[in-house]
Amino acid sequence: MMEQKIKQQTIKKQNNQQQLKGKRILVATISADGHFNPLTGLGKYLLEAGVEIRWYTSGIYRERLENLGIPHYPLVAAGELHPLNIDELHPQRKLITDAGEKANFDMTLLGEVSVGYLEDIIQIRKTFPFDLVITDSMFPAIPLIKAKLKLPVLAIGIMPLAEQSVDTAPFGTGLYPPQNEEQAKAYAEMRDIFNNVVLKGSIESFAEIMQRNGLTPSNVYMFDTLVRHADLYLQIGSPSFEYKRSDLGTNIRFIGSLLPYTNPVKGKKWFDEKVKDYNDIVLVTQGTVERDIDKILVPTLEAFKNSNTLIVATTGGWQTKALQERYPYENMIIEDFIPFDDVMQYATVFVTNGGYSGALLGIKHKIPMVAAGVHEGKSEICARIGYFRYGINLNTETPTADAIRDAVNTVISDASYMDNVAKLSDEMQHYDAKELCVGYILELLN
């Protein structure tokens, strides 16, 4: 029976790849690692399946795309805008301390950039007549591409589902689903305040841009608009890592763990003899973007210095030597980068700031998590980790050493966390993310 099923899947995969050959696809992503990286695995897969694929994004990713073998189109009319230069280009942003005001500023700016994105993509199509556009879920030109080019757009949900729902709190608050009617009513009032007060400026600005391009504007925040305008919205993850919604959009599909491309490295995998000497091994990272080592790295190292717990810390290249000198303890390994697939097979607990790809890798390896992140949608990832008891959500960007130590020890001592994340991992294994994407691409093209 199993052999027959595998044979059928193989035949289907071969048929799909045959249909894909020669198709032209443009990938368009916001110029940030969390938007670019998750689509690289799919991009490489499509390239190897015979798709003529090209990528529109910032020049900061040109070299990575060259290494993937995917031609790059730079930002022209849109102008170079990415996390490393946004405050330099818009110095007034640094003066905004209120979270709601900053969100409104950022989404207004994102909406304005959508016009330049559209102009660039129209120019690209004059020399590269693509059949379909794949974007990250926050790419603001999704509605404009559909209106002006009359082409299908497939969006990849690179963060938890942002679509507003009567069954959830407003996205970005990091609040758990309502537990009673009173809380549901409070969330409804909160959504009304978000749409009509906090984010009103950005909503009105994007509505005007949509109207100018022949679209009927909505009175909800941009991310909700983008979800609804995509022909298909492929959510990375599975139902058990998402809140239940009675009003889930009909264009939404779950695809499991769609992970960034990793170059197969020949030879020995990462290993350190120390992993043999400890029962409890904690992996900690802040990702590659966060430069403030005092947020998670330092308090985790402080919490377990000179203890019976092995700490493996990856810094992303930020102040690695300084940390090694500051924490020269036998129970600590501090490196710029260690392949997660190598080190996670030894880890007992994963301390993370809530990056989505990192969390998915932790789930893949069945590691319970301690999560501490708030900004860039991380509050929603951390909230799901806590709500479903895949770990503990510390509800802060700056946890103390005591808070991290207590959370790690709780996760280690309570086996239910590991059981829960193991079940989620098994669920995600049922999804063949890349092949599901291929099937949905063919659905739209046909």
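In this text, all values refer to a predicted model and were calculated from it rather than measured experimentally.
- Between Tyr176 and Thr168 there is no side-chain heavy-atom pair separated by less than 4.5 Å.
- Considering every non-hydrogen atom in both His365 and Gln345, the closest pair reads ND1-N, 4.2 Å.
- With no hydrogens or angles considered, no side-chain donor-acceptor pair links Ser205 and Thr108 at under 3.5 Å.
- The closest side-chain donor-acceptor pair between Tyr233 and Glu163, if any, does not fall under 3.5 angstrom.
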For this session: Take Gln164 and Tyr221, measure what side-chain hydrogen bond (donor to acceptor under 3.5 Å, both in side chains) needs, and give me the verdict at the end.
Result: CA-CA 9 Å; Gln164 291 194 54; Tyr221 74 149; 5.3 Å; no

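- Ring-plane geometry between Phe36 and Tyr61 is classed as parallel, the angle between the planes falling under 30 degrees on a 0 to 90 degree scale with a further cut at 60.
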Exercise. Passes salt bridge (charged side-chain N to carboxylate O under 4.0 Å, His left out), Arg24 versus Asp131? Steps please.
Worked result: CA-CA 5 Å; Arg24 297 185 181 96; Asp131 307 300; 5.2 Å; no

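- Under a 3.5 Å cut-off, the side chain of Asn104 and the backbone N or O of Gly100 do not form any donor-acceptor pair.
- In this structure, Glu397 contributes its side chain and Gly373 its backbone to no donor-acceptor pair below 3.5 Å.
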Problem set entry | Derivation of the side-chain contact (heavy atoms from CB on, under 4.5 Å) call for Thr173 and Tyr187 | CA-CA 10 Å; Thr173 60; Tyr187 284 179; over 6 Å; no

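- Contact check on Asp414 versus Arg389 returns a salt bridge, with a Lys/Arg side-chain nitrogen under 4.0 Å from an Asp/Glu carboxylate oxygen.
- Nearest approach of Lys378 to Gly355, heavy atoms of both residues: CE-N, 4.1 Å.
- Proximity of Glu435 to Asn16: side-chain heavy atoms (C-beta onward) are separated by under 4.5 Å at one or more points.
- Counting heavy atoms from C-beta on, the side chains of Ile25 and Glu52 never come closer than 4.5 Å.
- Of the possible donor and acceptor atoms, none in the side chain of Asp342 sits under 3.5 Å from a partner among the backbone N and O of Ile338.
- Rounded to the nearest 0.5 Å, atoms CD (Gln235) and CG (Asn251) are 11.0 Å apart.
- Aromatic ring orientation, Tyr356 versus Phe241: parallel (interplanar angle below 30°, classes split at 30° and 60°).
- A distance below 6.0 Å separates the ring centres of Tyr346 and Phe271.
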Problem set entry | Trace of the side-chain contact (heavy atoms from CB on, under 4.5 Å) decision for Ile333 with Ile311 | CA-CA 6 Å; Ile333 299 170; Ile311 303 299; over 6 Å; no

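- Panel note: side chain Thr315, backbone Gly317; a donor-acceptor pair is recorded below 3.5 Å.
- Smallest separation of non-hydrogen atoms from Glu80 and Ser58: OE1-OG, 2.6 Å.
- With Ser137 contributing its side chain and Ala155 its backbone, the two residues share no donor-acceptor pair below 3.5 Å.
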Exercise. Lys269 and Asp341: salt bridge (charged side-chain N to carboxylate O under 4.0 Å, His left out), yes or no, with the steps?
Worked result: CA-CA 9 Å; Lys269 293 187 175 183; Asp341 273 324; over 6 Å; no

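- Taken from NZ in Lys146 to CG in Asp231, the straight-line distance is 4.0 Å, to the nearest 0.5 Å.
- Between Arg228 and Asp224 there is a salt bridge, since at least one side-chain N of the basic residue sits less than 4.0 Å from a carboxylate O of the acidic one.
- Within the model, atoms CZ of Phe105 and OG of Ser202 stand 11.5 Å from one another, a figure rounded to the nearest 0.5 Å.
- The environment of NZ in Lys102 is crowded: more than 12 heavy-atom neighbours from other residues, nucleotides or ligands sit within 6.0 Å.
- Of the possible donor and acceptor atoms, none in the side chain of Ser31 sits under 3.5 Å from a partner among the backbone N and O of Thr57.
- Here the side chains of Phe350 and Ile363 are not in contact, with every heavy-atom distance at 4.5 Å or above.
- Between Tyr243 and Tyr387, the distance from one ring center to the other falls under 6.0 angstrom.
- Residues Asp167 and Arg245 are not paired through a salt bridge, judged by the lack of any N-O separation under 4.0 Å between the basic side chain and the carboxylate.
- The structure places CG of Asp280 at 5.0 Å from OG1 of Thr309, a figure rounded to the nearest 0.5 Å.
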For this session: Evaluate side-chain hydrogen bond (donor to acceptor under 3.5 Å, both in side chains) for Glu427 paired with Ser238, printing each intermediate quantity in order.
Result: CA-CA 7 Å; Glu427 177 180 290; Ser238 65; 2.5 Å; yes

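- Interatomic distance, Ser379 OG to Arg384 CZ, rounded to the nearest 0.5 Å: 9.0 Å.
- Within a 6.0 Å radius of CG in Asp98, more than 12 heavy atoms belonging to other residues, nucleotides or ligands are found.
- Counting non-hydrogen atoms of neighbouring residues, nucleotides and ligands closer than 6.0 angstrom, the CZ atom of Arg62 reaches no more than 12 such neighbours.
- Using a 4.5 Å cut-off on side-chain heavy atoms (C-beta onward), Asn446 and Gln19 make contact.
- Between the side chains of Asp136 and Thr29, not a single donor N or O lies within less than 3.5 Å of an accepting N or O.
- Residues Ile209 and Gly111 approach most closely at CD1-O, 3.2 Å, considering heavy atoms.
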Problem set entry | Candidate pair Val198 and Glu101, rule side-chain contact (heavy atoms from CB on, under 4.5 Å), full reasoning | CA-CA 7 Å; Val198 178; Glu101 189 178 344; over 6 Å; no

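- Residues Arg54 and Val27 fail the side-chain proximity criterion, which asks for heavy atoms closer than 4.5 Å.
- In this structure, Gln183 contributes its side chain and Gln179 its backbone to a donor-acceptor pair below 3.5 Å.
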For this session: Evaluate side-chain contact (heavy atoms from CB on, under 4.5 Å) for Leu361 paired with Leu259, printing each intermediate quantity in order.
Result: CA-CA 8 Å; Leu361 276 170; Leu259 295 169; 3.8 Å; yes

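- Within the 4.5 Å cutoff, the side chain of Val113 has heavy atoms near those of the Leu81 side chain.
- Counting only distance, with no hydrogens or angles, the side chain of Ser425 and the backbone of Val421 share no donor-acceptor pair below 3.5 Å.
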For this session: Go through the steps for Asp247 and Ser165 under the test side-chain hydrogen bond (donor to acceptor under 3.5 Å, both in side chains), then give the verdict.
Result: CA-CA 6 Å; Asp247 50 359; Ser165 169; 2.6 Å; yes

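- In this structure, Ala162 and Phe223 approach most closely via the heavy-atom pair CB-CB, 3.9 Å.
- With hydrogens and angles left out, the side-chain atoms of Tyr56 and Asp120 include a donor and acceptor closer than 3.5 Å.
- Under the 3.5 Å distance criterion, the side-chain polar atoms of Asn85 are matched with a main-chain donor or acceptor of His82.
- Taking CG of Leu65 as the start and NZ of Lys44 as the end, the distance is 11.0 Å to the nearest 0.5 Å.
- Using modelled atom types, one side-chain atom of Glu242 and one backbone atom of Leu161 make a donor-acceptor pair closer than 3.5 Å.
- Side chain to side chain, Tyr261 and Asn37 fail the donor-acceptor criterion of an N or O pair below 3.5 Å.
- Between Glu66 and Arg64 there is no salt bridge, since no side-chain nitrogen of the basic residue lies less than 4.0 Å from a carboxylate oxygen of the acidic one.
- With contacts defined as side-chain heavy-atom distances shorter than 4.5 Å, the pair Leu258/Ile255 qualifies.
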